[in-house]
There are 2 protein chains.
Amino acid sequence: MKKKNVSGNMLIAQSGGPSMVINRSLVGAVLEAKKHKCIRRIYGALHGIKGILEENFTDLGRESNTNLKKIAATPSSALGTVRKKPTQSECADIFNILNKYGVRYFFYIGGNDSAETAHIINQEAKKKNYELRCFHIPKTIDNDLRENDHTPGFGSAAKFVACALMGDNLDNAALPGVKIDIIMGRHAGFLTASAALARKFKDDGPHLIYLPERPFDMNTFVSDVKKVYSKYGRCLIAVSEGIADKTGTAIATKYIKEVDAHGNAQLSGSGALGDLIAAEIKRRTDIKRVRADTFGYLQRSFPGVVSAVDSLEASVVGMEAVRCAVSGDVDGSIAIRRKKGEKYAVYYKRVPLKNVAKETRAMPSNFINKEGNNVTKAFINYVSPLVGKLPEIGRINPFFLAKKLY
Amino acid sequence: MKKKNVSGNMLIAQSGGPSMVINRSLVGAVLEAKKHKCIRRIYGALHGIKGILEENFTDLGRESNTNLKKIAATPSSALGTVRKKPTQSECADIFNILNKYGVRYFFYIGGNDSAETAHIINQEAKKKNYELRCFHIPKTIDNDLRENDHTPGFGSAAKFVACALMGDNLDNAALPGVKIDIIMGRHAGFLTASAALARKFKDDGPHLIYLPERPFDMNTFVSDVKKVYSKYGRCLIAVSEGIADKTGTAIATKYIKEVDAHGNAQLSGSGALGDLIAAEIKRRTDIKRVRADTFGYLQRSFPGVVSAVDSLEASVVGMEAVRCAVSGDVDGSIAIRRKKGEKYAVYYKRVPLKNVAKETRAMPSNFINKEGNNVTKAFINYVSPLVGKLPEIGRINPFFLAKKLY
């Protein structure tokens with residue numbers, strides 16, 4: 001039997017890695033919830049399910065709308081976040097706590113692991129015959145959630161990466177050499193692939209892009225780099241942190257293992273993959289200037305570099321989740337789907353929690369070139385509207401003087 | 001004898017590391033030069049003195065003003081740059097080339113090494129009794145030029161660092177642990193110190209700041225980190241890449257030397273210092289989550305993150321150099337000086353080339369706290385107007401619920 005307006009409290013929490021727009025989803029959900037009488041109190045749990053288990057709750061209903069708007073525009077998870085999968089007994093505890101606090105509406109913002117958590121809690125409630133409207137709100141800069149055309153957080157992270165590569169391309173042109181940029185994304189290459197948006201002029205980098213979706217072979221790689229370098233006198237390369245060889249072993253892991261044999265455990269550090277690749281180029285070519293940077297956390301929390309589309313969609317998925325929850329005895333995740341047609345437009349669809357949980361998706365084949373060292377036009381068409389306008393770049397039109405070499 | 005209007009061609013070039021606003025100085029000089037009839041042709045040398053020696057010149061006078069404006073707003077050195085000190089014989093060659101191309105106005109944009117180069121070329125011209133108006137236009141994100149209150153390029157790089165730390169502080173608060181950010185500046189700590197601008201709320205990081213101006217001691221450091229961690233449950237640390245021990249040996253170098261003994265030359269890589277420090281914290285404390293990022297080139301060429309004051313001043317130093325050059329038989333560097341008074345204002349002063357050449361300056365003592373792990377209010381007052389407005393940040397005002405722990 002469907003009860004349209006089950007009355008009770010709402011609990012919302014954030015999970016997984018922070019993003020530029022995860023607070024848009026939080027505030028979108030809170031502002032929408034305020035409109036519905038069936039939602040009595042609006043609680044936020046600090047640091048995801050850790051906060052639920054410890055009963056660390058804040059009353060978000062008491063935040064002023066002015067402050068909520070500031071929070072919405074702030075990067076990173078305002079409620080705090082956590083990387084934790086609950087055990088079966090913790091799931092039972094969580095359910096008991098929701099029950100104790102009169103929670104009938106539960107929203108968990110995060111990636112596939114968060115969807116999995118929401119799914120388990122929802123099953124626990126069903127088992128106890130407790131009416132819980134349980135929703136997952138998508139967030140991941142990796143863009144790897146199934147059922148979604150793309151996910152909130154990705155567009156802004158992609159904008160950061162595109163801007164970073166635009167700048168680094170200009171830097172590399174000014175002071176030529178080989179430059180390697182290591183970009184986030186352990187299993188899905190979307191974020192690394194977005195580096196391609198940095199190109200404006202024909203000789204602009206990134207000249208090569210390596211993704212976890214294709215096996216990485218050091219010999220082919222070095223040969224690719226040599227080719228580009230002999231053509232342009234420089235080479236800018238975007239590399240996913242998750243690149244792996246044909247057996248599926250991450251290149252970074254391989255390296256760490258080798259070095260561990262020397263007893264240097266500290267090498268599992270932040271710059272290891274970039275340093276390894278740079279060292280191989282130096283060893284196998286006569287190119288002198290080879291540098292590597294690893295972008296790290298800047299990609300997911302740099303304030304001010306936000307995609308307008310991403311920002312808007314992140315708000316809407318939060319609002320949509322609440323609208324769905326008050327519309328009947330339902331649960332699920334809000335997926336973003338792209339409408340067919342020339343102009344970019346999306347719609348939002350409730351999908352089963354289990355469809356988004358656990359497994360993730362990778363880049364489709366038609367987004368990657370045959371050689372596995374670049375993206376296709378299809379990917380550029382896919383990603384451009386998600387990132388939006390980039391800074392304008394100018395360059396000198398050289399009017400070369402005849403040399404007076406006498 | 002002063003000739004007010006020596007007629008001849010102008011040559012301009014860029015040198016050293018790129019910056020966000022070095023093209024403002026280039027375009028400022030070119031647009032100003034176009035106003036003066038005594039300057040006949042405006043040549044740009046590609047990649048600094050390397051381009052002069054190879055006679056790789058472009059006619060900048062033929063660039064449209066529309067394109068020049070685009071170039072001005074573009075990060076990195078539009079003419080290309082170089083890290084090269086000329087030998088004595090190359091200086092003679094350079095002088096001969098200037099002579100051959102009828103160059104009477106020479107402008108070199110860069111740091112102290114570029115001032116040194118300009119100084120030597122100027123001396124060569126004097127020796128030959130050739131009237132050359134030779135100017136250095138200041139640029140360095142390190143902010144380490146003598147005679148200057150601050151240098152073009154610094155304010156924008158400082159803005160990037162401040163934004164990065166704002167984001168990373170929110171990230172660290174959401175997912176607590178120890179986070180180390182390695183920031184550029186081998187001998188001067190200004191850029192690392194600017195991380196302090198990221199603080200808004202009382203518990204905001206960076207909680208600790210380590211600069212090359214104070215000896216770095218690993219024991220004191222770990223004890224500092226423990227103190228902060230026990231107070232806030234987290235610790236965000238800004239570390240200059242140039243930190244050194246009390247003997248003046250760079251911590252990064254010490255590490256590389258140790259590792260070299262194992263034959264792993266690749267460890268001189270991008271993340272080495274951050275990884276070393278993170279490993280020491282892990283080894284000496286029971287803190288589990290310790291991460292390090294090294295910002296790398298993003299600090300000097302990320303498009304869109306620019307200080308308006310820095311941008312303006314970079315244009316003006318370029319214009320001022322040309323104005324000075326056409327005003328009489330003079331040479332020098334254009335220094336930025338701050339006017340006394342409540343409100344931020346500057347004036348520009350021609351100073352001798354040799355005063356800016358060779359040696360650099362470090363942070364004054366009153367900008368660093370007694371413990372050597374933070375900056376003072378005096379530094380914040382100094383740096384704030386150079387960086388300008390930062391993104392607004394909001395946070396939840398927690399209205400904690402009483403726990404129902406039954």
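A, B, ... follow the sequence lines: proteins, then strands. Residue 1 opens every chain.
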With A/Pro398, the side chain to side chain contact (heavy atoms under 4.5 Å, CB included) member among B/Leu60, B/Asn56, B/Thr58: B/Thr58
Do side-chain atoms of [X] reach the backbone of [Y] as a donor and acceptor pair under 3.5 angstrom?
X: A/Thr74; Y: B/Gly394; value: yes
X: A/Asp59; Y: B/Phe399; value: no
X: A/His47; Y: B/Leu175; value: no
X: A/Asn67; Y: B/Ile396; value: no

Picking from A/Ala78, A/Pro391, A/Pro303, which has the most non-hydrogen pairs under 4.5 angstrom with chain B? A/Pro303
Which atom names give the shortest non-hydrogen contact between A/Tyr101 and B/Ala402, and what distance separates them?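 Heavy atoms of A/Tyr101 and B/Ala402 come nearest at OH-O, 3.5 Å.
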Salt-bridge criterion met for A/Lys404 and B/Glu55 (N-O under 4.0 Å): no
Separation between CG (A/Asp275) and CG (B/Asp275), nearest 0.5 Å, reads 8.0 Å
Do A/Asp181 and B/Tyr297 have side-chain heavy atoms sitting under 4.5 Å apart?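 Not in contact.
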Taking side chain as C-beta onward, heavy atoms only, is A/Pro18 less than 4.5 Å from B/Asp171?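 A/Pro18 reaches B/Asp171 side chain to side chain.
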Select one option (side chain, backbone, both, neither) describing which atoms of B/Lys69 are under 4.5 Å from chain A's heavy atoms. neither
